[in-house]
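Report on the structure given below.
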Amino acid sequence: MLNNIGLPGLLLIAVVVLVLFGRGKISGLMGEVGKGITAFKKGVSDGQKELDDDEKADAARDVTPEDQKDKA
C-alpha cells in the first residue's frame, strides 16, 4: 500500500501536516523524538555494557583451585 506513495505524495503529506499543526508544534515534537531516540540508544548501550560486565564477573567469580574444590 505504501509503495505507491512516491516523493510527491510524501511532500503533500508533509505540507498538510505542517499546515494542520504549525511549525512550532512540529519542531517541538521532533525535539522530543530526538530525545527519545537518544535515550533509547543510551539504554541499549547501558544494557549491553551490563551484560558484558556480567560475563566478566561470571568468568572471574570462581578462583578456587581444582584440588581445593573437592575438599569443600
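In what follows, every heavy atom counts, from backbone to side chain, and hydrogens, waters and symmetry copies are set aside.
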Any chance you could measure Glu32, atom CD, to Ser27, atom OG, to the nearest 0.5 Å? 10.5 Å
Going by side chain to side chain contact (heavy atoms under 4.5 Å, CB included), Gln48 matches just one of Asp46, Val44, Asp52. Which one? Asp52
In terms of hydrophobic clusters joined by side-chain contacts under 4.5 Å, are [X] and [Y] together?
X     : Y     : result
Leu11 : Val17 : no
Met30 : Val16 : yes
Leu7  : Leu12 : no
Val15 : Ile13 : no

Under a 3.5 Å distance rule, please check whether Thr38 uses its side chain to pair with a backbone N or O of Gly34 as donor and acceptor. yes
Closest non-hydrogen atom pair, Leu10 against Ile5: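 Minimum heavy-atom contact is N-CG2, 3.6 Å.
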Take Lys41 and Ile37 through the test side chain to side chain contact (heavy atoms under 4.5 Å, CB included) and record every step on the way to the result. CA-CA 6 Å; Lys41 286 182 180 180; Ile37 291 171; 3.9 Å; yes
